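Each remark here refers to the structure printed beneath this line.
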Amino acid sequence: MKTWKLVSGIISTVLSVFVVFQSMMAGLANALEESGQSSGSAGLVVSICMLCGGIVSIVSRKNNSKGTNIALIILFGLATFTGFVLAGNYSDLYGLLGV
């Protein structure tokens, strides 16, 4: 379990950087098109949740308490829910979440 928490934390942290840049470009496109979409902002929330979840996963890899596991479930669940609900016209957010 220790190894998996470390690996998943690193992967989540690295992927959150890509999501940030993609979301910034999506937000810029939304602003330039004046489409009223909030996909860029949703992507930023997803990336923040992914980054926080990755950090918690890395820090708590030696701690096997239920509290840290529940915190990880909440963080990644919030990221997933936000991505599903607020993806808007950018369907690539669905691909990032594995759908």
Side-chain angles (χ1 to χ4, degrees):
M1 189 70 158
K2 291 179 187 179
T3 306
W4 171 246
K5 278 191 171 181
L6 179 65
V7 170
S8 66
I10 291 171
I11 290 172
S12 177
T13 305
V14 169
L15 285 178
S16 71
V17 174
F18 291 114
V19 175
V20 163
F21 289 121
Q22 183 180 13
S23 299
M24 285 193 294
M25 292 300 119
L28 180 65
N30 285 337
L32 291 176
E33 292 176 358
E34 297 178 358
S35 63
Q37 295 286 328
S38 61
S39 303
S41 302
L44 288 175
V45 172
V46 168
S47 67
I48 290 170
C49 289
M50 285 177 62
L51 179 64
C52 292
I55 291 171
V56 169
S57 181
I58 291 170
V59 170
S60 69
R61 69 183 182 273
K62 293 181 182 177
N63 186 359
N64 209 10
S65 70
K66 289 182 183 178
T68 56
N69 293 335
I70 291 172
L72 288 170
I73 290 170
I74 290 172
L75 285 169
F76 287 119
L78 182 63
T80 304
F81 180 74
T82 304
F84 278 134
V85 172
L86 298 175
N89 58 351
Y90 295 102
S91 60
D92 53 348
L93 282 177
Y94 294 123
L96 252 164
L97 297 170
V99 175

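All values derive from a computational prediction rather than experimental measurement.
Under a 3.5 Å cut-off, the side chain of Ser47 and the backbone N or O of Leu44 do form a donor-acceptor pair.
Every residue meeting the side chain to side chain donor-acceptor pair (under 3.5 Å) condition with Ser8, not counting sequence neighbours, appears here in chain and number order: Ser57.
No option in Ile74, Leu72, Ile73 other than Leu72 meets the side-chain contact (heavy atoms from CB on, under 4.5 Å) test with Phe76.
Listed here is the closest heavy atom pair of Lys2 and Arg61: CG-O, 3.3 Å. The two residues Ser12 and Gly54 come nearest to each other via the heavy atoms OG-N, 3.8 Å.
Atoms CD1 and CG, on Ile70 and Leu75 in that order, are 12.0 Å from each other to the nearest 0.5 Å. The line from OG of Ser23 to CD1 of Ile48 is 9.5 Å long, rounded to the nearest 0.5 Å.
A side-chain donor-acceptor contact under 3.5 Å links Lys5 and Asn69.
With side-chain heavy atoms closer than 4.5 Å counting as contact, directly or through intermediates, the hydrophobic cluster containing Val59 also holds Leu51, Ile55. Through ILVMFWY side-chain contacts below 4.5 Å, Leu78 is grouped with nothing and stands alone.
Note on Ile11: it does not cluster hydrophobically with Val56, by side-chain heavy-atom contacts below 4.5 Å among ILVMFWY residues. Note on Met24 and Phe18: separate hydrophobic clusters, where clusters join Ile, Leu, Val, Met, Phe, Trp and Tyr whose side-chain heavy atoms are under 4.5 Å apart, directly or indirectly.
Counting heavy atoms from C-beta on, the side chains of Ser65 and Thr68 come closer than 4.5 Å. Between Met50 and Val46, some side-chain heavy-atom pair lies under the 4.5 Å cut-off.
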